[in-house]
A.B. asks: 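Here you go, one structure.
The model shown is predicted, which means the values in this text are computed figures rather than measured ones. Below, all heavy atoms of this structure are taken into account, side chains as well, without hydrogens, waters or symmetry copies.
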Number of protein chains: 2
Amino acid sequence: MNNRLKVLRAERSWSQADLAERLEVSRQSVNAIETGRYDPSLPLAFRIADVFDMAIEEIFLRD
Amino acid sequence: MNNRLKVLRAERSWSQADLAERLEVSRQSVNAIETGRYDPSLPLAFRIADVFDMAIEEIFLRD
DNA sequence: ACATTATGTCTATGACGCTTGACATGAGGG
DNA sequence: CCCTCATGTCAAGCGTCATAGACATAATGT
């Protein structure tokens with residue numbers, strides 16, 4: 001499960017900590033998701049989609 | 001995180017076991033998700049969307 | 001009435017998601 | 001040269017996702 005988090009974040013000039021705060025998760029979680037160590041839960045995927053105002057399918061890609 | 005699995009499945013006259021087989025998960029997982037005991041992982045949510053040929057956002061609803 | 005299928009639920013086990021706290025490295029600004 | 005910020009990563013702990021196997025009950029078919 002690949003994702004475009006790093007790019008989307010960079011486009012907005014947000015640090016991982018900035019994004020973590022908006023998502024109400026830890027900075028380590030954002031980092032782990034970006035670096036592909038694990039996928040977010042479905043509820044967190046929805047919050048990510050909300051923050052970027054995009055569909056989940058536009059952010060997370062089937063491998 | 002509410003979902004429309006039970007309805008979508010009924011529309012197709014699939015049993016929980018039928019759906020489980022298509023998703024390659026256990027029947028207990030399908031049941032647990034339908035009865036709201038837990039949310040699927042993001043990869044499983046994608047497979048569910050694929051099986052029903054719908055967007056994740058059309059199947060799973062922000063509470 | 002009997003057999004089969006469908007659904008809900010329980011237990012126990014293992015893997016994954018997320019946390020806090022910590023530490024290392026690299027980049028940039030004073 | 002320091003100081004700060006950004007990123008990556010580790011460990012330990014807790015709750016969630018998913019499994020297999022079992023059992024109870026309801027619904028369907030013959």
A.B. asks: Measure from the side chain of B/Ser26, starting at C-beta and using heavy atoms only, and say which of C/dT9, D/dA20, D/dG8 lies closest.
C.D. replies: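 So the side chain of B/Ser26 is nearest to D/dA20.
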A.B. asks: Between B/Ala32 and B/Pro43, who's closer to the 5' end of DNA chain C by nearest nucleotide?
C.D. replies: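 Checking each residue's closest nucleotide, the 5'-ward one belongs to B/Ala32.
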A.B. asks: Which nucleotide, D/dT7, C/dT7, C/dT19, lies nearest any side-chain atom of B/Asn31?
C.D. replies: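 When the side chain of B/Asn31 is considered, C/dT7 is the closest of D/dT7, C/dT7, C/dT19.
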A.B. asks: Can you tell me how far P of C/dC18 sits from CG of A/Leu23, to the nearest Å?
C.D. replies: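 To the nearest whole Å, that distance equals 10 Å.
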A.B. asks: Give the rounded distance in Å between these two atoms: CG of B/Leu42 and P of C/dG17.
C.D. replies: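 For the pair B/Leu42 CG and C/dG17 P, the rounded distance is 9 Å.
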A.B. asks: Is it the case that the side chain of B/Asp18 and the backbone of B/Ser15 share a donor-acceptor pair, with hydrogens and angles ignored and the cut-off at 3.5 Å?
C.D. replies: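 Checked: pair present.
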A.B. asks: As a test of reading the structure: which of C/dG8, C/dA6, D/dT7 is closest to the side chain of B/Lys6, going by heavy atoms?
C.D. replies: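 Of C/dG8, C/dA6, D/dT7, C/dG8 is nearest to the side chain of B/Lys6.
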A.B. asks: Once you round it to whole Å, what is the distance between P of C/dG8 and CZ of B/Arg37?
C.D. replies: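 After rounding, the reported distance stands at 9 Å.
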A.B. asks: Taking CZ from B/Phe60 and C1' from D/dC17, how many angstroms apart are they, rounded to a whole number?
C.D. replies: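 Going from CZ in B/Phe60 over to C1' in D/dC17 covers 13 Å.
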A.B. asks: Check this for me: does the side-chain of B/Gln28 come within 3.5 Å of the base of D/dG21 through a donor and an acceptor?
C.D. replies: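 Donor-acceptor pair under 3.5 Å: yes.
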A.B. asks: For the pair made of OH in A/Tyr38 and C1' in D/dC14, what is the distance, rounded to whole Å?
C.D. replies: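 From A/Tyr38 OH to D/dC14 C1': 13 Å.
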A.B. asks: I need the CE-P distance between B/Met1 and D/dC17, as an integer number of Å.
C.D. replies: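 Those two atoms, CE and P, are 11 Å apart.
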A.B. asks: Please answer: with hydrophobic residues joined when any side-chain heavy atoms are less than 4.5 Å apart, are A/Met54 and A/Ile33 in the same cluster?
C.D. replies: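 Yes, A/Met54 and A/Ile33 fall within the same hydrophobic cluster.
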A.B. asks: As a test of reading the structure: which of C/dG8, C/dC18, D/dT9 is closest to the side chain of B/Gln16, going by heavy atoms?
C.D. replies: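 Selected nucleotide: C/dG8.
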A.B. asks: Identify, between B/Arg27 and B/Ser41, the residue whose nearest nucleotide on DNA chain C lies closer to the 5' end.
C.D. replies: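 Looking at DNA chain C, the more 5' nearest nucleotide goes with B/Arg27.
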A.B. asks: Please determine, for the side chain of A/Ser29, which listed nucleotide (D/dG8, D/dA22, C/dC18) has the closest atom?
C.D. replies: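 So the side chain of A/Ser29 is nearest to C/dC18.
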A.B. asks: Applying side-chain contact (heavy atoms from CB on, under 4.5 Å), run through B/Ile56 and A/Phe46 and close with a yes or a no.
C.D. replies: CA-CA 10 Å; B/Ile56 290 183; A/Phe46 268 90; 4.1 Å; yes
A.B. asks: What is the distance from CH2 of B/Trp14 to P of C/dT7, rounded to the nearest Å?
C.D. replies: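 The answer, rounded to whole Å, is 13 Å.
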A.B. asks: Taking B/Arg27 for its side chain and B/Gln16 for its backbone only, find out whether a donor-acceptor pair lies under 3.5 Å.
C.D. replies: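 Looks like no, no N/O pair under 3.5 Å.
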A.B. asks: Measure CD1/B/Ile48 against C1'/D/dA18 and give the value in whole Å, please.
C.D. replies: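 It is 12 Å, rounded to the nearest whole Å.
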A.B. asks: The side chain of A/Val25 is closest to which nucleotide in this list: C/dC18, D/dA18, C/dT9?
C.D. replies: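 Nearest to the side chain of A/Val25 among the choices is C/dC18.
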A.B. asks: Salt bridge check, A/Glu34 against A/Arg9: does any charged N sit closer than 4.0 Å to a carboxylate O?
C.D. replies: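 Salt bridge: yes.
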